[in-house]
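Side chains are part of it too, since the values below use all heavy atoms of this structure and drop only hydrogens, waters and symmetry mates.
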Amino acid sequence: MKKVISLLLVFAMLCTLLAACADNSEMSENNAETAASVPKVEESEPTMEETQQAYSETTASDFKYTHTDDGVAIEGYIGSDEVVVIPAEIDGAPVTSIGGEAFSSCSSLTSLTIPDGVTSIGENAFRECTALEDVVIPDSVTSIGFGAFYNTAIYNTEERWTDGVLYIDNWLLEAKESVSGDYVVASGTTGIADGAFGCSSLTSVIIPEGVTSISDQAFNNCGSLTEISVAVDNTVYTSENGVLFDKAKTALLVYPAGKTEAEYVIPESVTSIGHSAFSCCCNLTSLTIPESVTSIGWSAFYNCSALTSVTIPDSVTSIGPSAFDVCNSLTSVTIGNGVTSIGDYAFLNCSSLADVAIPDSVTSIGGWAFYNCSALANVTIPDSVTSIGGGAFYNTAIYNTAERWTDGVLYIDNWLIEAKNTVSGDYVVASGTTGIADGAFYDCQSLMSLTISDGVTSLGRETVICSSLAEINVAEDNTVYASENGVLFDKAKTALLVYPAGKTEAEYVIPESVTSIGEGAFWCSSNLRNVTIPDSVTSIGDSAFGCSGLTSVTIGNGVTSIGDLAFWNCDNLQEAYFMGNAPSLGVDAFMTWSIETQANIIIPCLTIYYLEGKDGWESPAWKDYPTSTWQK
């Protein structure tokens with residue numbers, strides 16, 4: 001009977017929502033009035049098909065969501081119901097994940113049902129849902145992010161904790177810092193959440209046979225942990241001398257931080273070193289990585305403060321983000337000839353590292369990769385490198401040596417790394433340069449024009465976000481880039497890469513040869529008022545338009561995808577005219593930051609106009625954005 005009444009309430013609320021928008025308090029009052037007027041109905045149970053159809057039709061509009069390769073990701077909840085049942089399908093696709101902070105601070109939420117099919121729950125997903133006292137986590141979930149249920153009614157009810165450990169259904173969510181000594185995970189547990197144990201006095205953990213999911217950093221900051229044991233019958237995990245592996249010992253998952261061995265030889269069966277696998281292992285001074293290993297996960301050796309040297313074998317193809325972050329005793333690193341990418345922050349704060357030879361196999365060096373390596377005086381960047389992230393060599397000995405700078409610009413080998421904010425007027429990139437790093441001219445607010453020499457083949461992201469920059473010129477012999485009236489394109493003019501922020505034209509019509517608008521292409525072009533995107537364009541990249549003065553945009557019928565934050569902070573955008581079918585839309589594509597709410601909100605004056613007869617549009621709102629039809 002309760003289910004039937006709930007369905008009637010949902011349909012009644014839909015009518016109310018379509019009639020007018022109301023604030024949360026008004027909606028709560030309407031709910032109460034509606035409930036009082038619902039007639040008594042005969043007790044009967046709706047079929048699963050009826051229930052699913054009703055929820056798909058009536059609750060999907062209460063969620064912000066995006067389509068992914070494997071289904072639908074819930075990104076936010078905009079409803080006000082106390083009891084929420086997340087639909088198993090939205091737009092005919094299965095709901096497979098709940099994103100970080102999706103329900104954060106939904107203070108009215110008391111009960112939640114997560115459908116079968118959801119595999120991941122993001123960080124802080126239900127944080128500060130202070131009234132949430134009941135939740136159903138299905139068996140399909142394989143990962144729960146850090147702080148997902150922090151400061152909920154569940155979290156704050158002392159009776160929900162067992163010996164200082166919080167369990168929800170079959171998941172171990174968190175252990176209090178006071179948990180110490182030897183801890184045996186409760187029988188029947190199937191998963192351990194991200195960051196579950198931050199227990200400085202914990203010495204050992206025993207994992208029972210039923211545990212099939214251990215989230216990232218589950219045992220981080222357990223400085224006394226010396227041993228992890230796994231039940232013999234466990235089908236997913238195994239351990240050897242207290243070190244946690246997958247069952248086949250192909251992945252090293254956790255090397256306990258409190259182990260006293262100064263040296264460690266990774267078994268030759270291991271092919272991957274997992275996320276945070278050796279994190280905070282302050283006793284480890286050296287280790288041997290065998291040729292069987294092909295990847296090193298992010299934060300794999302984070303804060304291994306005693307580690308002095310490491311040799312990465314040729315078998316490894318990638319060094320993950322923050323892999324050796326805060327290894328401040330590291331003096332020697334040998335990077336194997338198989339490595340193709342060095343991740344963001346990979347060697348951040350390795351203050352004792354003085355020399356690095358990057359092999360010819362490497363094609364990308366991540367942002368802040370060697371940031372704060374204050375002793376780093378020598379590095380070799382091979383011709384194979386095609387991208388270098390912003391701040392990659394900031395506050396190194398190279399960066400801090402005045403003689404390494406030429407007219408306010410730092411070059412390393414054939415790469416232009418950074419220009420000081422004093423660089424102004426017209427700047428010509430030095431002959432022989434092959435690449436310009438991300439954000440190289442980011443803060444040069446007096447730079448008027450930039451001339452790119454013929455040898456430059458790699459240009460980083462957000463290279464020239466300069467408020468006075470009005471023109472980018474490209475040498476005629478350049479084989480990769482071209483310019484037209486100071487706007488930067490690829491050589492064939494099929495991709496628009498940079499529209500200089502300082503250009504004074506209020507209107508711009510993109511050439512019909514262009515098929516894509518690159519990431520950040522029009523970012524900070526505050527003088528632009530109107531832009532016309534031709535039918536030839538099929539995609540608009542992430543953060544493509546960050547134009548505070550933009551009031552109108554016409555988008556051709558060829559556009560099929562618009563990236564994340566594509567028109568973010570276009571505060572004065574009033575009219576977006578679409579010529580074709582509704583495109584796929586990235587996260588917060590037409591949003592702006594609200595100082596008042598400290599969150600992204602829909603651009604206040606925006607209306608999206610679409611042509612009648614085109615597919616995928618909805619009225620009076622599409623993807624939460626206000627819509628209306630128009631005539632050409």
**Asked** Under the 3.5 angstrom rule, does the side chain of S276 hit a backbone N or O of S279 as a donor-acceptor pair?
**Response** no

**Prompt:** Should Y65 and D91 be marked as a side-chain hydrogen bond (donor to acceptor under 3.5 Å, both in side chains) after you check the CA-CA gap, both sets of side-chain angles, and the distance that decides it?
**Reply:** CA-CA 10 Å; Y65 57 90; D91 297 342; 3.0 Å; yes

**Prompt:** Out of Y150, F126, Y167, F149, which residue meets the ring pair (Phe, Tyr, Trp, His ring centres under 6.0 Å) rule with Y155?
**Reply:** Y150

**Request:** Before giving the answer on side-chain contact (heavy atoms from CB on, under 4.5 Å), spell out for I74 and V118 the whole-Å C-alpha distance, their side-chain angles and the decisive distance to 0.1 Å.
**Result:** CA-CA 10 Å; I74 301 293; V118 169; over 6 Å; no

**Prompt:** Is the backbone N or O of E209 less than 3.5 Å from a side-chain atom of N234, with the two atoms forming a donor-acceptor pair by type?
**Reply:** yes

**Aromatic ring proximity W630/Y609, centre distance under 6.0 Å** = no

**Message:** I'd like to know whether CD of Q598 has more than 12 heavy-atom contacts from other residues, nucleotides or ligands below 6.0 angstrom.
**Reply:** yes

**Asked** Sub-3.5 Å donor-acceptor pair from the side chain of S143 to the main-chain atoms of S120, do we have one?
**Response** no

**Prompt:** Can a donor-acceptor pair be found between the side chains of N124 and S104 at a distance below 3.5 Å?
**Reply:** no

**Message:** For the backbone of E82 and the side chain of T110, can you confirm whether one donor and one acceptor N or O come within less than 3.5 Å of each other?
**Reply:** yes

**Message:** Distance alone, cut at 3.5 Å: any donor-acceptor contact between the side chains of D182 and S204?
**Reply:** yes

**Atom pair CD1 (I517) and OG (S539), whose distance is rounded to the nearest 0.5 Å** = 8.0 Å

**Nearest-0.5 Å distance, OG1 of residue T538 to CG of residue N557** = 11.5 Å

**Prompt:** Does any non-hydrogen side-chain atom of Y577 lie less than 4.5 Å from one of S552?
**Reply:** yes

**Item:** ring pair (Phe, Tyr, Trp, His ring centres under 6.0 Å) between W617 and F578, intermediate numbers included
**Value:** CA-CA 10 Å; W617 297 105; F578 281 82; 4.9 Å; yes

**Prompt:** If you draw a 6.0 Å radius around NZ in K623, do more than 12 non-hydrogen atoms from other residues or ligands fall strictly inside?
**Reply:** yes

**Prompt:** Can you check whether S318's main-chain N or O pairs, donor with acceptor, with S295's side chain at less than 3.5 Å?
**Reply:** no

**Item:** Short side-chain to backbone donor-acceptor contact, S140 and G117, under 3.5 Å
**Value:** yes

**Asked** Do N151 and E128 have side-chain N/O donor and acceptor atoms under 3.5 Å apart?
**Response** yes

**Item:** Counterpart residues, salt bridge (Lys or Arg N to Asp or Glu O under 4.0 Å), relative to K614 (two or more places apart)
**Value:** none

**Message:** Is it the case that the side chain of N569 and the backbone of W593 share a donor-acceptor pair, with hydrogens and angles ignored and the cut-off at 3.5 Å?
**Reply:** yes

**Asked** Can you tell if the side chain of L172 reaches within under 4.5 Å of the side chain of F197, non-hydrogen atoms only?
**Response** yes

**Fill in**
Sequence neighbours excluded, the answer for salt bridge (Lys or Arg N to Asp or Glu O under 4.0 Å) partners of E519 is R461

**Request:** Would you give the length of the straight line joining atom CD of E575 to atom OG of S628, rounded to the nearest 0.5 angstrom?
**Result:** 10.5 Å

**Under 3.5 Å: donor-acceptor pair, side chain of N156, backbone of T152** = yes

**Message:** I'd like to know if E158 pairs up with K176 as an ion pair, taking the criterion as any Lys NZ or Arg NE/NH1/NH2 lying under 4.0 Å from an Asp or Glu carboxylate oxygen.
**Reply:** yes

**Message:** Within the 3.5 Å criterion, strictly below it, is a donor on W298 or D216 matched to an acceptor on the partner's side chain?
**Reply:** no

**Request:** Dump the intermediate steps for side-chain hydrogen bond (donor to acceptor under 3.5 Å, both in side chains) on D325 and N303, then the final yes or no.
**Result:** CA-CA 6 Å; D325 187 358; N303 199 22; over 6 Å; no

**Prompt:** Between the side chain of D542 and the main-chain N/O of L565, is any donor-acceptor distance below 3.5 Å?
**Reply:** no

